[in-house]
Amino acid sequence: MEKNLSVYIETYGCQMNLSDTEIVSRILKNAGYELVERPNSANVILLNTCSVRENAERKIRERLSVLKKYKNNSKPVVVGILGCMAERQRNKILENNSIVDLAVGPDEYRKVPQLIQNALLGEKGIAVRLSRVETYDDIEPLRKEGISAWISIMRGCDKFCSYCVVPFTRGRERSRKLFSIIAEVEKLQNEGFKEITLLGQNVNSYKCPETNSDFADLLKECAIRFPTIRIRFITSHPQDMSDKLIETIANYDNICKYIHLPIQSGSNRILELMNRNYTYEHYLGRIRKIRELMPNCALSTDIIAGFPTETLEDHRLTLRALEEIRFDGAYMFRYSPREHTKAYKLTDDVPEKEKIRRLNEIIDLQNKISKEINLTEHGKIHLVLAEGPSKKDKTYWQGRTDTNKVVIFKPLKSTQVGEVVKVKITNSTSATLFGELVQ
Ligand code: SAH
Ligand code: SF4
Ligand code: F3S
């Protein structure tokens with residue numbers, strides 16, 4: 001290999017992709033590449049992509065047209081597409097974009113160094129086979145910061161929600177062995193990390209292939225062994241949110257009291273068409289159980305507006321659900337038809353304008369609720385994990401509460417990144433809390 005080849009990676013999409021970029025970075029570092037923070041001088045530019053909605057793919061196409069300029073330099077520059085869009089579009093991505101030299105799906109990252117080598121010799125390459133076993137268990141992610149770490153505990157998804165490309169882009173669900181996850185957390189603890197987030201498309205269906213331990217067992221094991229580490233997890237599925245799991249979250253102080261539980265719609269007819277396998281009443285039952293055991297647990301959700309055949313009455317049921325449940329926050333999207341999914345066969349019959357109108361109604365209502373909930377935080381004291389200077393104003397720092405809310409506060413000279421500080425909340429918006437340090 002040529003000496004000192006440098007790679008720049010840009011990441012789009014969900015946390016699984018952020019975590020995968022850390023895995024690819026390690027694979028490339030082990031192969032002798034230098035990882036750089038800017039595309040300007042890089043020999044290799046990789047985009048780790050998302051396909052979940054058409055917008056996500058459009059962003060990548062636009063980015064590629066900007067990256068074209070790096071191709072015109074005197075030195076050769078390799079451009080590669082990793083992740084879900086590579087998996088979904090396969091050779092089309094090479095055919096439609098002359099600047100793309102390689103396309104690598106989520107289960108083929110071990111081949112990236114070889115494919116880059118081939119591309120440097122002028123050979124375009126593609127690797128998009130999905131695997132039933134690949135979990136990159138033996139690869140230690142190359143992490144950038146030292147406080148909070150993502151840990152992929154499983155890959156793929158078997159739920160096949162009718163609108164979703166993920167089962168097609170990430171393949172069948174498979175879990176890592178419990179002992180290897182525990183070993184990874186132990187190493188992170190020794191390196192000074194303060195927080196871990198266990199990641200999977202549906203962490204509730206985690207099953208250790210060796211011991212048969214379920215997700216509640218894994219959480220309990222982590223909570224007991226690492227009492228000083230904050231433990232988070234995403235995403236949960238309402239169908240698998242068992243009493244045992246809720247009790248486990250309630251039983252340990254270091255398991256964060258924050259649950260992301262996508263509801264998608266408040267209409268049972270739409271939920272069935274979405275193949276979500278639960279009713280609104282079941283969902284509500286799970287929320288009640290969570291709040292019964294953890295009155296202060298924060299909850300967030302995902303909503304899709306304008307799914308095929310959604311009537312004004314269905315839409316009203318979604319708004320009613322938001323009012324009844326009162327989530328702390330939500331990620332809200334308008335339906336985007338995805339090829340190969342079951343819903344793709346349904347007519348996308350809610351006009352774009354109407355989808356946007358419904359979505360805005362949902363967003364407005366949720367923002368109002370988030371704002372009201374955050375007002376009730378005023379005067380409360382939270383334990384906040386200090387993350388460092390805030391993006392807007394460096395004299396202020398930001399951190400997160402146990403309930404995953406961002407807090408902005410003025411640090412002391414002695415405040416350290418990774419320290420857990422006590423902050424009294426004095427102000428808020430729908431998305432952020434502001435506060436003062438207290439002793
Ligand atoms: N596994 C997670 C996340 C999946 S993708 C889960 O089950 O919740 C994140 C969110 O994107 C989904 O929850 C859904 O709300 C949204 N989403 C997925 N496919 C979509 C589509 N085709 N159109 C609009 N939103 C979609
Ligand atoms: Fe997609 Fe459903 Fe799987 Fe989530 S659970 S990744 S929405 S198929
Ligand atoms: Fe996107 Fe793939 Fe994640 S489609 S949401 S990057 S699993």
Side-chain angles (χ1 to χ4, degrees), residues 10-21 24 47-60 81-89 104-107 128 130 150 152-174 199-206 233-241 259-266 270-271 273-278 283 299-308 310 318 327 329-346 348 350 352 355-356 358-359 362 366:
E10 230 164 66
T11 311
Y12 298 80
C14 63
Q15 288 86 352
M16 293 295 296
N17 260 14
L18 289 170
S19 164
D20 279 0
T21 289
V24 175
L47 305 184
N48 192 1
T49 61
C50 173
S51 276
V52 78
R53 284 167 291 274
E54 176 51 29
N55 265 344
E57 293 198 349
R58 188 176 40 79
K59 235 195 248 167
I60 301 298
I81 298 289
L82 312 180
C84 292
M85 195 168 162
E87 189 65 47
R88 201 180 82 78
Q89 300 209 350
V104 189
D107 286 348
V128 289
L130 287 170
W150 309 109
S152 288
I153 62 165
M154 59 202 296
R155 300 181 71 83
C157 182
D158 284 351
K159 290 281 184 215
F160 286 94
C161 302
S162 68
Y163 50 80
C164 185
V165 286
V166 173
F168 303 93
T169 62
R170 297 210 157 238
R172 296 290 59 75
E173 188 177 284
R174 62 219 102 114
L199 287 181
Q201 293 301 343
N202 171 19
V203 286
N204 307 164
S205 55
Y206 171 84
F233 54 94
I234 37 171
T235 299
S236 300
H237 192 293
Q239 190 192 358
D240 307 322
M241 195 80 215
I259 301 176
H260 180 62
L261 196 62
I263 184 171
Q264 314 296 1
S265 167
I270 295 293
L271 285 172
L273 280 177
M274 287 177 163
N275 196 28
R276 289 290 288 177
N277 281 312
Y278 55 82
Y283 187 94
L299 287 160
S300 65
T301 200
D302 291 351
I303 305 269
I304 299 177
F307 188 79
E310 187 187 76
T318 296
F327 293 101
Y331 300 89
M332 299 156 280
F333 315 99
R334 68 189 138 115
Y335 172 68
S336 166
R338 311 309 286 141
E339 218 180 332
H340 303 307
T341 62
K342 222 169 146 207
Y344 194 71
K345 298 193 185 81
L346 303 171
D348 181 20
V350 181
E352 212 52 30
K355 271 187 206 166
I356 294 171
R358 290 182 196 177
L359 178 62
I362 291 168
Q366 182 53 47

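We count ligands from 1, going down the list as the structure has it; atoms in each ligand are counted the same way.
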Colleague: Is a donor on one side and an acceptor on the other found under 3.5 Å between the side chain of Y278 and the backbone of D240?
Modeller: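 Between the backbone of D240 and the side chain of Y278 there is no qualifying donor-acceptor contact (under 3.5 Å).
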Colleague: Among all protein heavy atoms, pick the one closest to atom 1 (Fe) of ligand 2 and tell me residue, atom and distance.
Modeller: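 For this ligand atom, the closest protein heavy atom is C164 SG, 2.3 Å.
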Colleague: Looking at ligand 1, is there an atom of it that comes within less than 4.0 Å of some heavy atom belonging to N202?
Modeller: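 Per 4.0 Å heavy-atom rule, N202 does not contact ligand 1.
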Colleague: Less than 3.5 Å between some nitrogen or oxygen of Y335 and one of ligand 1, yes or no?
Modeller: no
Colleague: Let me see the working for E352 and R334 under salt bridge (Lys or Arg N to Asp or Glu O under 4.0 Å), right down to the final yes or no.
Modeller: CA-CA 9 Å; E352 212 52 30; R334 68 189 138 115; 2.5 Å; yes
Colleague: With heavy atoms of P167 as the reference, note each atom of ligand 2 found under 4.0 Å away.
Modeller: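 Matching atoms, with element in brackets: 8 (S).
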Colleague: For ligand 1, indicate whether the residue Y163 contacts it via side chain, backbone, both or neither (heavy-atom separation under 4.0 Å).
Modeller: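 Looking at Y163 and ligand 1, atoms from backbone and side chain both fall under 4.0 Å.
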Colleague: Work out which heavy atom in N48 is nearest to a heavy atom in G83; give both atom names and the distance.
Modeller: OD1-CA, 3.4 Å
Colleague: Considering only protein heavy atoms, which is closest to atom 24 (C) of ligand 1, and at what distance to one decimal place?
Modeller: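 The closest heavy atom on the protein side is R334 O, 3.4 Å.
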Colleague: Under 4.0 Å from any heavy atom of F333, which atoms of ligand 1 are there?
Modeller: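 It comes down to these atoms of ligand 1: 10 (C), 11 (O), 15 (O), 16 (C), 25 (N).
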Colleague: Residue-level breakdown please: for S336 versus ligand 1, do any non-hydrogen atoms fall below 4.0 Å on the side chain, on the backbone, on both, or on neither?
Modeller: both
Colleague: Show me which atoms of ligand 1 lie under 4.0 Å from any heavy atom of R338.
Modeller: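 The atoms of ligand 1 under 4.0 Å from a heavy atom of R338 are 22 (N).
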Colleague: Checking a contact table here: which protein heavy atom is nearest atom 3 (Fe) of ligand 2, and how many Å away?
Modeller: C157 SG, 2.3 Å
Colleague: Do you know the tightest heavy-atom contact between M274 and I304?
Modeller: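 For M274 versus I304, the nearest heavy atoms are CE-CB, 4.0 Å.
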Colleague: Counting only heavy atoms, which portion of P262 has something under 4.0 Å from ligand 2: side chain, backbone, both, or neither?
Modeller: neither
Colleague: Would you say ligand 1 has an N or O under 3.5 Å from any N or O of T235?
Modeller: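 No, since none of the N or O atoms of T235 sits under 3.5 Å from an N or O of ligand 1.
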Colleague: Looking only at protein heavy atoms, which one is nearest to atom 8 (S) of ligand 2, and what is the separation?
Modeller: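 For this ligand atom, the closest protein heavy atom is C161 N, 3.3 Å.
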Colleague: So does L82 get a backbone contact from the side chain of T49, meaning a donor-acceptor N/O pair under 3.5 Å?
Modeller: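 Pair found, side chain donor or acceptor close to backbone of L82.
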Colleague: Taking the side chain as everything from C-beta on, heavy atoms only, tell me whether V203 gets closer than 4.5 Å to I234.
Modeller: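 V203 does not reach I234 side chain to side chain.
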Colleague: Side-chain contact, heavy-atom cut-off 4.5 Å: Q201 with E173?
Modeller: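 Q201 vs E173: side chains apart.
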Colleague: Taking all atoms of both residues into account, what is the closest heavy-atom pair of V128 and G105, and its distance?
Modeller: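 Closest heavy-atom pair between V128 and G105: CG1-N, 3.9 Å.
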Colleague: I need the protein N, O or S atoms closer than 2.8 Å to atom 2 (Fe) of ligand 3, given as residue plus atom name.
Modeller: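 The answer, once waters are left aside, is C84 SG.
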Colleague: For atom 10 (C) of ligand 1, what is the nearest protein heavy atom, given as residue, atom name and distance?
Modeller: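 Ranked first by proximity to atom 10 (C) of ligand 1 is D302 OD2, 3.3 Å.
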Colleague: Taking the side chain as every heavy atom from C-beta outward, state whether L271 and L273 have any pair of such atoms under 4.5 Å apart.
Modeller: no
Colleague: Does K159 come within less than 4.0 Å of ligand 1, judged by its heavy atoms?
Modeller: no
Colleague: When you measure from atom 4 (Fe) of ligand 2 to every protein heavy atom, which one gives the shortest distance, and what is it?
Modeller: Q201 O, 4.4 Å
Colleague: Can you give me the closest heavy-atom contact between F307 and V350, atom names plus distance?
Modeller: O-CG2, 3.7 Å
Colleague: The criterion is salt bridge (Lys or Arg N to Asp or Glu O under 4.0 Å); which residues satisfy it with R174, sequence neighbours excluded?
Modeller: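 Scan of R174 (salt bridge (Lys or Arg N to Asp or Glu O under 4.0 Å), adjacent residues dropped) gives D107.
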Colleague: Students should be able to answer this: which protein heavy-atom is nearest to atom 3 (C) of ligand 1, and at what distance?
Modeller: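 Here the closest protein heavy atom is Q201 OE1, 3.6 Å.
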Colleague: Yes or no: does I304 have any heavy atom under 4.0 Å from an atom of ligand 1?
Modeller: yes
Colleague: At a 4.0 Å threshold, what atoms of ligand 2 neighbour a non-hydrogen atom of F160?
Modeller: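 Ligand 2 atoms under the 4.0 Å threshold to F160: 8 (S).
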Colleague: Under 4.0 Å from a heavy atom of V52: give me the atoms of ligand 1 that qualify, with their elements.
Modeller: 5 (S), 18 (C), 19 (N), 20 (C), 21 (C), 22 (N)
Colleague: With a cutoff of 4.0 Å, is R276 in contact with ligand 2, counting heavy atoms of the residue only?
Modeller: yes
Colleague: Please identify which atoms of ligand 1 are closer than 4.0 Å to at least one heavy atom of Q264.
Modeller: 12 (C), 13 (O), 14 (C), 15 (O)
Colleague: Under a 3.5 Å cutoff, is there a donor and acceptor pairing between the side chains of Y163 and Q264?
Modeller: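 Short answer, yes.
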Colleague: What protein heavy atom sits nearest atom 8 (O) of ligand 1, and how far away is it?
Modeller: P262 CG, 3.0 Å
Colleague: Counting only heavy atoms closer than 4.0 Å, does ligand 2 sit against the backbone of Y163, its side chain, both, or neither?
Modeller: side chain
Colleague: Can you list the ligand 3 atoms lying under 4.0 Å from a non-hydrogen atom of Q201?
Modeller: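 Near Q201, the atoms of ligand 3 are 7 (S).
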Colleague: Checking side-chain polar atoms at under 3.5 Å, does S51 have a donor or acceptor matched by the opposite partner on T169?
Modeller: no
Colleague: Report yes or no: does D348 contribute a side-chain atom to a donor-acceptor pair with the main-chain N or O of S336 at less than 3.5 Å?
Modeller: no
Colleague: First locate atom SG of C14, then atom CG of L199, and finally report the distance between them rounded to the nearest 0.5 Å.
Modeller: 8.0 Å
Colleague: Distance only, no hydrogens: is a donor on one side chain within 3.5 Å (strictly under) of an acceptor on the other, for Q239 and K159?
Modeller: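 There is such a pair between these side chains.
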Colleague: Once you round to the nearest 0.5 Å, how far does CD1 of I153 lie from OH of Y206?
Modeller: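 Answer rounded to 0.5 Å: 6.5 Å.
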Colleague: What closest approach, in Å, do H237 and R276 show between heavy atoms, and which atom pair accounts for it?
Modeller: CE1-O, 3.3 Å
Colleague: Is the closest side-chain heavy-atom distance between F160 and K342 below 4.5 Å?
Modeller: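 Of all side-chain heavy-atom pairs linking K342 with F160, none is under 4.5 Å.
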Colleague: Which atoms from ligand 2 have a heavy atom of K159 less than 4.0 Å away?
Modeller: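 Selected atoms, number and element: 3 (Fe), 5 (S).
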Colleague: Within less than 4.0 angstrom of ligand 1, does H237 place any heavy atom?
Modeller: no
Colleague: Taking non-hydrogen atoms only, is V166 closer than 4.0 angstrom to ligand 2 via side chain, backbone, both or neither?
Modeller: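 Looking at V166 and ligand 2, just side chain atoms fall under 4.0 Å.
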Colleague: How close do S300 and H260 get, heavy atom to heavy atom, and via which atoms?
Modeller: OG-ND1, 2.8 Å
Colleague: Can you list the atoms of ligand 1 that are under 4.0 Å from a heavy atom of R53?
Modeller: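 Answer, ordered by atom number: 11 (O), 16 (C), 17 (N), 23 (N), 24 (C), 25 (N), 26 (C).
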